[in-house]
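Before any comments, here is the structure.
To find a chain, count down the sequence lines: A is the first, B the second, and so on, and within it residues start at 1. Hydrogens, waters and symmetry mates are skipped; everything else that's a heavy atom, side chains included, is used.
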There are 4 protein chains.
Amino acid sequence: MSNYSIILGNLGNTRDRFLSSGYKDELPKETLIRQASEINGVTGVELVGTWDVTSENVEQVGEMLDKHGLKCVSIIPDHFAQKRWGRGTLSAKDEDIRKQALDYTFECVEMARTLGCKIINLWPGQDGYDYPLQSNFVRERRWLLENITKVAKATPDIRFSLEYKPKEPRNFSFMARASDTLLLAKETGLDNVGVTIDTGHAFVAGENVAEAVVILQEYGKKLFHMHFNDNYGSWDDDMIVGSVHFPWYVELFFWLKETGYEGWLSMDQYPYREDGQGALRESVEFLQMIESRLTPTVMEEIRELVTKGDAVASQRWLRHTFFK
Amino acid sequence: MSNYSIILGNLGNTRDRFLSSGYKDELPKETLIRQASEINGVTGVELVGTWDVTSENVEQVGEMLDKHGLKCVSIIPDHFAQKRWGRGTLSAKDEDIRKQALDYTFECVEMARTLGCKIINLWPGQDGYDYPLQSNFVRERRWLLENITKVAKATPDIRFSLEYKPKEPRNFSFMARASDTLLLAKETGLDNVGVTIDTGHAFVAGENVAEAVVILQEYGKKLFHMHFNDNYGSWDDDMIVGSVHFPWYVELFFWLKETGYEGWLSMDQYPYREDGQGALRESVEFLQMIESRLTPTVMEEIRELVTKGDAVASQRWLRHTFFK
Amino acid sequence: MSNYSIILGNLGNTRDRFLSSGYKDELPKETLIRQASEINGVTGVELVGTWDVTSENVEQVGEMLDKHGLKCVSIIPDHFAQKRWGRGTLSAKDEDIRKQALDYTFECVEMARTLGCKIINLWPGQDGYDYPLQSNFVRERRWLLENITKVAKATPDIRFSLEYKPKEPRNFSFMARASDTLLLAKETGLDNVGVTIDTGHAFVAGENVAEAVVILQEYGKKLFHMHFNDNYGSWDDDMIVGSVHFPWYVELFFWLKETGYEGWLSMDQYPYREDGQGALRESVEFLQMIESRLTPTVMEEIRELVTKGDAVASQRWLRHTFFK
Amino acid sequence: MSNYSIILGNLGNTRDRFLSSGYKDELPKETLIRQASEINGVTGVELVGTWDVTSENVEQVGEMLDKHGLKCVSIIPDHFAQKRWGRGTLSAKDEDIRKQALDYTFECVEMARTLGCKIINLWPGQDGYDYPLQSNFVRERRWLLENITKVAKATPDIRFSLEYKPKEPRNFSFMARASDTLLLAKETGLDNVGVTIDTGHAFVAGENVAEAVVILQEYGKKLFHMHFNDNYGSWDDDMIVGSVHFPWYVELFFWLKETGYEGWLSMDQYPYREDGQGALRESVEFLQMIESRLTPTVMEEIRELVTKGDAVASQRWLRHTFFK
C-alpha cells in the first residue's frame, strides 16, 4: 500500500463566504492530530501555515505529531489567509508584500526543517487576478518565478511542490494548470522544484488527471505530491473521493504506479457539513479499495487495455474487475 | 428487470462536423435491427424519422421488427436532419416551415400507429437560437407550444414526450431543461404530453438527474421516457453509461422506482469510433448490474440514507454495496 | 431611467473560505448607507438579515435610511449565515430548524413592514444538498413549498420573490433555475409569490438571462425582482456589470422593457478586493449607458432584429449602436 | 492595421452530426476565394487540406488566389476529415496510419512551398482519446512529438504552428492547452515549431487568452499564429468575434502588440446558419474597431492600468474609451 496522509485542517472547522464563523466548532489541535492518527492507513499529515503551524508553536506541534505517530508530510505556507496577502504574495504588485511573502516562505522552510518535513507545498492562491486589464502578466509572472527560484535555490534539502488551481480565491490563478506550472518549475532550473496535482483542481481545469501525471513525469519526474478529492467538474467542491467519479481514479492510480510515483497520497477535502474524520476515512478506504486491486496481473491487463484502446473492452473490464 | 431499449441509429454510421461522411460504414437496416435484437435484455427500439423510418418504408420496417421480436418503443420525428429545418421547425420564424413541421409530425403519428408504437419522442433540436438579439422569445416559444398542443390534442392515443437539451445543434434550445419543458407540457393542458429525460442532457444542464425525475413526477407523473448515456459534464458526449459517473445512476434508479416510473430505459449513445453493439450492450449490462442490486431490502436502506442525509454514511454504503 | 438600488452589504467587508476574517475592514453601518446614497441614480438598498438588519436595530436602520434619502427595496432574510442553518432552513430535515426558519421569516416580514419595504427576497441558499443519496427530494421540496406558502399566504401585503441559484453554498440548490423556481411559485397558488433573477446565477445555470425574463413574464408576470452582476460563466464571481459580457445585458434590458418589468434594478456584487462604492457605481453607470440608448426608436429597431433573426445584422447593429 | 485573413472554408457549406449534408449549398471554390477578397482588410486566406487544397489542385488554387490578390497564409493539413484518421494521425496506435499521416504532412509542405505559404497550421484534432483506460499516454504523446519533430526538422523554411483545443472531435485532445502545446513545441528543440492560439479554444480551456499570449511569447516568442472567434465558454461555438465577450479582445490585442506579435489575425468561424461572408466581415470590423483605438497614447494608458491593477478604474476606462 502507498503512504496515505491528510491535511490536518480538513478535520477542523469549515467556513465559506456566507457562513464565515463556520459550520462546525473549533477543536483543539491535539484533538485533530489524534483524529488523524485514528484513520487506518494514515501515517502523515500536512500542516497549513498560520492555521496549523507557526514559528511559535512548531516545536509543540512536532511533539504532538510524535506522540501520535504521525509524520509531517508537507508544510503549506499560508499565502492566502491573511489580509496582507489579499492581492498576492510572491507576485504581488507591492514590493514590500513580495518581500514579506518571501521572508515568510523562508520561515516555513525553517518550520519544515524543525519537523523533519521534506516538502513545502506552495499554493499561492492569491497570486493571480480577477478582471480584464488588471494584471501585468509579464512582470508579475516573472516575480513569481524569481521568488520561487530564490527560496528553492537556497534550500536544496527541501522539495518545493507547486500546487496549481485554475481559480479561487482569484478568478484566474497564475499557477492554473499542470503544464503552466511545469513550465514554471522547469524555468527555475532546479531539481527541487516540482508540481502537486490536486485531483479536484485538475478536474476543474478540464484535465484528465492521469494524463497530467504522465506529462509531469515524462518531463523529468516532476510530480512531487498528490492531493485527493472529488467534485462535480466546475468547481473545487472538495468532496469525498469517488463520490462523483469512479473510473478516473483507477486510471490515475495505474499511471501513478506506471510512472514510478512514490510520494504521498494525501487527502485534501472540505467536509463543510460532514464529520471530518469520517469523510477522510472514507476517501482513504475508497482509494485503498482501488489500490488493492492493482496487482501485477491487473497492471498488465491495464497495459493491454490502454495499448489496444478499445473503449468497450475497457468499460467491460472495469465493471467486471471492480463491481460485484 | 425493467424494459430496456435502444435507439436504432446508435448502431449505424456516426458523423460529426469534421468527418461528415462518417467514422464507420453504412449497414443495411435489417443488420441494425438484428444487432439490436442480439443484445440481452433489449426488447424494443426507437426509430428516428428519415434516418430509420419514413411513410414509405414503415410497413417494411415493421415487418423487420416483428421478425426480430422487437417492439417500436418510440418514433423520434426528424426535426433536425434536413436543410429545411436548419432554422427551426415547430417554432420556425417562417410560417410555411412551421406548417411543414406540423404536417410532418402528424405523418410521424401515422407511422407510430402503423407500428403500434405509443410514444412520439419530440426533440426539436433546431428550435432555439445562437446569438443575442436573434430570437423573439415570446412569439417563437408560443408557436412551439401551439403546435405541440395541436398535434397532441388531435392524437389522444399517443403520448408526446418532449426531450430537452440545453444546446446543440443550437447554442440555446427552447426546450433546454427539465422544468422549462415541464412548464410547456403543463401549459398544453393535455395528459398525453410529458417529458423525456436524457441523462447526458441533464448533466450538461447542471441538473442532478435524480432530482429532475422527482420534479417531473411530483408535478403530475410527467416523466414519460428515459434516455441513457454518460458524459464529462460540459457537452453531450453520448458515452457508455457509467464510463464517467457512477453514483448518479444509483440515485437515479432509486428515484425512478420510488416515483413509480414504469416506462422504457432506452440507450441513446453516439459510439463514434466504437463497436456500436458492444457499446450499447455494455450500457445495458451496467444498468442491469445496478438494477439487480435494488432489492426491496436495498430500497429500504436507501430510503433511510436519503432521510438521514449523512453523506459519509451514503458513500460508505455505496462502496460496500456495489464494489468488490 | 429605471429605479436602481444596491445590496448594502456589497459596500462592507468581504470574506471567503480562505480569508474568513475578510479582505477589508468593517465599516459602521451608517457609513455604508451614506456611501450607497452617494452613488448617482441609486435610490434604494436591500438589507440582509443579521448582517444589516435585525428586529433589534430595524427602527434605527430605518432612521438612517430616511436621513440619507434611501428606500428599503427588499429584505433578504438571513437563511444562510448562521450555524443553525448549515443543513437547511425552510426545508431542513430537522423539524425544529424548519420551525425556527419559518418563525424567523415572519420576523423579517415585521421588519419589512416597519421599513415600508414591499419585497422579501427569499434566497434559501442552504436548502439543497451536496452528495448523491443525501436528500429525500420529495419530502424536502414539499417542506420548502409548504413553508413558503404559509408565510406568503399570511402576508398578502408583501411580495415574496424567490431567488434561484444553481449551487453555492450547497453543491445543488433546491431553487436552482428560473423554471424550477417558477414552478414552485405557481404551485403556491399565490399572487404575491414570484421570482428574482440574479444575472450571474442565470449565467451559471446556463440560461440566456433575457429568455429567463420572458419565461417568467409569460407565465403570469412572475418576475418580481432583478439582481445584477457579471461572471465568467462557471461560478458566481459577482463582478462589475459588463466586465465579461456585453451583448447579453442589451438583450436583457430590451426584454425587461418589452415585457413590462417595472421593478428595481439592484446591484448584487462581491467586490472582494475592490473599492465597494466604486464597483457598484461602475455597474450602475454601465447599465445606465445601455438604458439611455433604448429610446423608442431603438426599441423598434431591436423588435425588427429579433423578428428577422439575422445574427450578422444583429451584431453589426450592436457595434454601430453602442461602440464609438 | 494588422494583417487580417480568414479560413476559406468558413465561407462554404457547414455541417454537424445531425445535419451532415449541411445547412447551406456547396459553392465553387473560386466563388469562396472571390468572397474572401471582397472583405475589406482581408489580404490572405488559410486553406484546409482535402477541403480546399490538394496536391492535384494546388497550382490551380494558387492561380485563383493570385487573380483575387490573396496570399496563402497557412495550410491546415487535413488530419481530421478522413475515415482513416478517425483514431488519430501522427500519434495513432496503428503504425501504418502514423506513417500515412507523416507522409501526408510532407505532402502539405510541398503544397505550401508551391503557394509561397510560410505556415503549416497543425491541428491534429483526432489525436487524443475519449474514454478512461483508452490511451497509452506515454507512448502516444511521444509519437506525436517524434513525428512533428521529423517533419519540422526536415523543413526549416516553414513554420509549424501547433493549434491546441481541449476537446472535439475527441473528448480529450493531446494538444489541449497553450502550455501543454508549448511544452511539446519546446521539446522538439526547433525554432520553427510554435503555437497557434484560437481564441475560442482558449476560452473553452478556461484560459485568459491574453495571458496565454504572454506565456507563449515569454518562453521564446512561440506564438506563431492567431485564430479569432467567440463562444459561450463551454464549447467551440465558433461565433462572430465580440458576440459574447468584449473586454477580453481588448486585453488580447494589447498584449499581442505589447509582446511584439506580428503575425496574421485570422478569422476561424463556423457560420452554420449565417451568411458566411457577412459573419467574417463583421468579425474583422469588430477587431479593427478595437485596433483603431490602440494608439500609442491608449497603449500607454493600458500599461498604467495593468500596472496599477485597480479593476474599477479598468472597467471605467473601458467604458469611456470604447462605448458611446
Side-chain angles (χ1 to χ4, degrees), chain A residues 9 13-25 48 50-51 76 78-88 123 125-126 128-134 165-172 204 206 230-240 242-244 270-274 279 282, chain C residues 9 13-25 48 50-51 76 78-88 123 125-126 128-134 165-172 204 206 230-240 242-244 270-274 279 282:
Chain A
N13 195 3
T14 47
R15 310 159 193 278
D16 60 30
R17 64 168 164 151
F18 303 110
L19 182 34
S20 58
S21 57
Y23 289 85
K24 299 177 178 177
D25 296 318
V48 174
T50 307
W51 292 353
I76 303 173
D78 164 17
H79 284 136
F80 42 80
Q82 300 175 48
K83 196 179 291 181
R84 60 175 172 160
W85 306 144
R87 292 158 185 255
W123 177 58
Q126 300 285 6
Y129 54 99
D130 300 304
Y131 280 88
L133 301 185
Q134 192 181 26
K165 184 179 183 184
K167 68 183 293 183
E168 200 214 11
R170 304 310 295 260
N171 289 337
F172 291 91
V204 174
D230 206 344
N231 65 42
Y232 289 103
S234 63
W235 187 252
D236 187 31
D237 303 310
D238 276 332
M239 297 163 74
I240 295 169
S243 55
V244 181
Y270 236 80
Y272 292 97
R273 300 164 186 83
E274 290 76 46
E282 181 54 29
Chain C
N13 195 1
T14 48
R15 310 160 192 277
D16 61 30
R17 63 168 165 151
F18 302 112
L19 181 35
S20 57
S21 57
Y23 289 85
K24 299 177 178 176
D25 295 318
V48 175
T50 306
W51 292 353
I76 304 173
D78 163 18
H79 283 137
F80 41 80
Q82 301 176 45
K83 196 180 289 181
R84 60 175 173 159
W85 305 144
R87 291 155 185 259
W123 176 59
Q126 301 285 5
Y129 53 99
D130 300 305
Y131 280 87
L133 301 184
Q134 192 180 25
K165 184 179 181 184
K167 69 182 295 182
E168 198 211 15
R170 304 311 294 259
N171 289 337
F172 291 91
V204 174
D230 205 345
N231 65 42
Y232 289 103
S234 64
W235 188 251
D236 187 31
D237 303 311
D238 276 333
M239 297 163 74
I240 295 170
S243 55
V244 181
Y270 236 81
Y272 292 98
R273 300 165 186 83
E274 289 77 45
E282 180 54 28

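- Across C:Arg84, C:Arg15, C:Arg87, C:Lys83, the residue that shares the most heavy-atom pairs under 4.5 angstrom with chain A is C:Lys83.
- The salt bridge (Lys or Arg N to Asp or Glu O under 4.0 Å) check on A:Glu274 picks up nothing, with sequence neighbours excluded.
- Only the side chain of C:Trp51 has a heavy atom closer than 4.5 Å to any heavy atom of chain A.
- For the 3.5 Å distance criterion, the side chains of C:Arg273 and A:Gln126 qualify, holding a donor opposite an acceptor.
- Between A:Phe18 and C:Trp123, the distance from one ring center to the other falls under 6.0 angstrom.
- In this structure, the portion of A:Lys24 lying under 4.5 Å from any heavy atom of chain C is its backbone and not its side chain.
- The CG atom of A:Asp238 lies 12.0 Å from the CG atom of C:Asp130; values are rounded to the nearest 0.5 Å.
- When all heavy atoms of C:Ser243 and A:Pro132 are compared, the closest pair comes out as O-CG, 3.4 Å.
- Using a 4.5 Å cut-off between heavy atoms, C:Asn13 does not touch chain A at all.
- Both the backbone and the side chain of A:Tyr23 have a heavy atom closer than 4.5 Å to some heavy atom of chain C.
- To the nearest 0.5 Å, atom CG of residue A:Asn171 and atom CE of residue C:Met239 are 5.0 Å apart.
- Looking at heavy atoms from C-beta onward, C:Asp16 lies out of side-chain contact with A:Glu168 at the 4.5 angstrom threshold.
- Note that OH of A:Tyr270 and CZ of C:Arg17 are 5.5 Å apart. Values are rounded to the nearest 0.5 Å.
- At least one donor-acceptor pair closer than 3.5 Å links the side chain of A:Tyr131 to the backbone N or O of C:Ile240.
- In terms of heavy-atom pairs under 4.5 Å with chain A, the best-connected choice from C:Tyr272, C:Phe172, C:Trp85 is C:Phe172.
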